[in-house]
Amino acid sequence: MSEAEILFERRGAAGIVTLNRPKALNAVSLAMVHALHAQLADWADDEAVTRVIIKANGERAFSAGGDVRSLYDLGKAGRHKDALQFWADEYPLDVAIKNYRKPYIALIDGIAMGGGIGISVHGSHRVAFDRCSFAMPEVSIGFFPDVGATWFLPRMPGELGTYCALTGERFNSADGVAAGLATHRVPSARYGALVDGLTGTVSVDAVLSAFSEPVEEGPITARRAIIDKLFAHDSVEAILTALNSEAASESNNAEWAAKTAATIRSKSPTSLKLSLAQVRFGADADFETCMRTEFRIVSRIIHGHDFYEGVRSVLVDKDNKPVWRPTHLANVSDAEVARHFAPLEEGELAL
Ligand code: QUE
């Protein structure tokens with residue numbers, strides 16, 4: 001690494017990880033995946049370290065996801081195997097965090113999307129500060145909600161996970177706690193004091209309880225009843241039909257339903273159908289099955305069209321005018337969805 005993209009230090013009883021790529025919104029690179037996984041393994045066996053804290057440098061982001069632009073370049077250059085290595089190494093890191101035997105505390109005070117959620121939400125403790133903005137926006141870039149979303153989305157209350165996957169909408173700190181993305185809510189003014197508290201020997205739960213504040217109702221949670229009703233369907237088309245009829249009604253959710261339907265219609269049809277299938281599949285699957293399934297999906301998606309078109313429109317040309325292929329939901333067959341979930345001929349995810 002040229003400048004260290006990720007920093008490690010021990011302070012008191014804590015191993016502290018600091019994401020240090022603020023100009024790239026701390027997007028997770030392959031080097032960061034390797035360094036973090038190795039450091040977690042070291043600290044697991046280090047008796048002086050009783051807890052791990054992960055935080056980020058920069059004002060705007062905890063972590064805006066994976067290094068999607070590099071993966072786009074590799075795929076475009078025909079180097080699919082090299083691209084796949086990123087996810088082959090990232091997903092086992094997410095598993096290691098989920099199975100970590102010491103408290104793993106993510107301090108989130110900014111954007112946490114995609115891969116950034118992967119290195120936070122699977123930890124035992126996740127603190128949402130004032131500037132928190134959680135999202136799984138992969139349907140916007142022709143990708144799919146990965147890093148364990150197959151596991152955590154169906155475990156959100158009601159249909160919040162389905163809503164999160166299909167709209168890519170941002171959850172603020174209040175909605176993040178309600179959805180289970182975060183476990184605690186702490187004001188940003190107390191960030192430094194919380195870090196100091198967590199480096200001592202007082203138990204992590206006791207420190208977090210002392211700093212935590214009650215959570216108000218967030219804008220998404222305020223729509224829980226209608227989200228649960230309209231997003232319960234098992235096809236994207238049926239969800240859109242339900243949103244459209246709500247939009248045509250006299251209800252005070254009509255305007256919201258129209259906007260939400262328009263948001264979903266702008267996303268990759270293939271990504272939408274994959275996402276809904278993941279959320280339904282993951283409800284009854286264990287974590288490692290979910291991660292293996294995601295590796296199957298990504299192994300197919302990098303040979304498709306929409307990932308490149310999505311990244312082009314959002315991150316390369318920034319015209320936000322993707323031309324998806326297929327263009328319409330009706331042209332994404334069940335067989336095409338099933339093909340993404342099917343066992344790999346070779347090279348299943350090694351866990
Ligand atoms: C949807 C996404 C991502 C996104 C934008 C979307 C995503 C991602 C990034 C991103 C942002 C800034 C960076 C970077 C990546 O943006 O997954 O490297 O510097 O990683 O609409 O899924």
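These numbers come from the heavy atoms of this one structure, side chains and all, not from hydrogens, waters or symmetry mates. Note that the numbering runs from 1 along the sequence shown for the chain.
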Please report the closest heavy-atom contact between Tyr104 and Gly123, naming both atoms and the distance.
-> CD2-CA, 3.5 Å
Indicate yes or no for a side-chain donor-acceptor contact from Arg11 to the backbone of Gly200 under 3.5 Å, with no hydrogens or angles considered.
-> no
Evaluate the side chain to side chain donor-acceptor pair (under 3.5 Å) criterion for residues Ser313 and Asn320: first the C-alpha distance (whole Å), next the side-chain angles of each, then the deciding distance (0.1 Å), finally the verdict.
-> CA-CA 5 Å; Ser313 74; Asn320 289 308; 5.3 Å; no
Polar side-chain atom of Lys273 near backbone of Leu329 as donor-acceptor pair, under 3.5 Å = yes
Please go through Leu7's hydrophobic cluster and name the other residues, only I, L, V, M, F, W, Y counting, with side-chain heavy atoms under 4.5 Å joining them.
-> none
Summary of ring pair (Phe, Tyr, Trp, His ring centres under 6.0 Å) pairs that have at least one residue in residues 172-206, sequence neighbours excluded = Phe129-Tyr191
For the atom pair CZ (Arg131) and CG (Asp109), what is the distance rounded to the nearest 0.5 Å?
-> 4.0 Å
Between Gln278 and Thr293, do the side chains contain an N or O donor and an N or O acceptor separated by less than 3.5 Å?
-> no
From Asp89 CG over to Asp94 CG, what is the distance, rounded to the nearest 0.5 angstrom?
-> 11.5 Å
Can Arg224 and Glu159 be said to form a salt bridge (charged side-chain N to carboxylate O under 4.0 Å, His left out), step by step?
-> CA-CA 8 Å; Arg224 254 302 294 286; Glu159 295 296 335; over 6 Å; no
Look at Asp319 together with Arg312 and state whether they make a salt bridge at an N to O cut-off of under 4.0 Å.
-> yes
Would a distance-only check, ignoring hydrogens and angles, find a side-chain to backbone donor-acceptor pair under 3.5 Å from Arg126 to Leu181?
-> yes
Counterpart residues, ring pair (Phe, Tyr, Trp, His ring centres under 6.0 Å), relative to His303 (two or more places apart) = His80
Output the distance between atom CG (Leu74) and atom CG (Leu84), rounded to the nearest 0.5 Å.
-> 11.0 Å
Does the distance from a Lys or Arg side-chain N to an Asp or Glu carboxylate O, for Arg185 and Asp130, drop under 4.0 Å?
-> yes
Closest non-hydrogen atoms of Pro269 and Pro326, given as atom of the first, atom of the second and distance, are CG-O, 3.5 Å
Taking only residues two or more places apart in sequence or in another chain, which ones pass salt bridge (Lys or Arg N to Asp or Glu O under 4.0 Å) with Arg325?
-> none
Value rounded to 0.5 Å, distance of CG in Leu71 from CD in Glu90 | 8.5 Å
With the threshold set at 4.0 Å, does a side-chain nitrogen-carboxylate oxygen contact exist between Lys81 and Glu346?
-> no
Inter-residue atom distance Leu198.CG - Ile105.CD1, 0.5 Å rounding | 5.0 Å
Under 3.5 Å, is there a donor-acceptor pair between the Arg51 and Thr199 side chains?
-> no
Any donor-acceptor pair under 3.5 Å from Arg21 side chain to Ala27 backbone = yes
Could Glu348 and Arg296 be called an ion pair, given the rule that one side-chain N must be under 4.0 Å from one carboxylate O?
-> yes
Check Ala254 against Ser249 and note the closest heavy-atom contact, atom names and distance.
-> CB-O, 3.6 Å
Could you tell me whether a side-chain N or O of Asp286 sits under 3.5 Å from a main-chain N or O of Thr289, the two making a donor and an acceptor?
-> yes
Measure the OG1-CG distance between Thr270 and Asp306 for me, rounded to the nearest 0.5 Å.
-> 5.0 Å
The complete set of ring pair (Phe, Tyr, Trp, His ring centres under 6.0 Å) pairs with one or both residues in residues 136-160, sequence neighbours excluded, reads Trp87-Phe143, His122-Phe152, Phe143-Phe307, Trp151-Phe287
Say whether, by atom type as modelled, one donor and one acceptor occur between the side chain of Tyr100 and the main chain of Ala44 under 3.5 angstrom.
-> yes
Excluding sequence neighbours, so at least two apart, what forms ring pair (Phe, Tyr, Trp, His ring centres under 6.0 Å) with Phe171?
-> none
Any ion pair linking Glu138 and Lys267 (charged N to carboxylate O, less than 4.0 Å)?
-> no
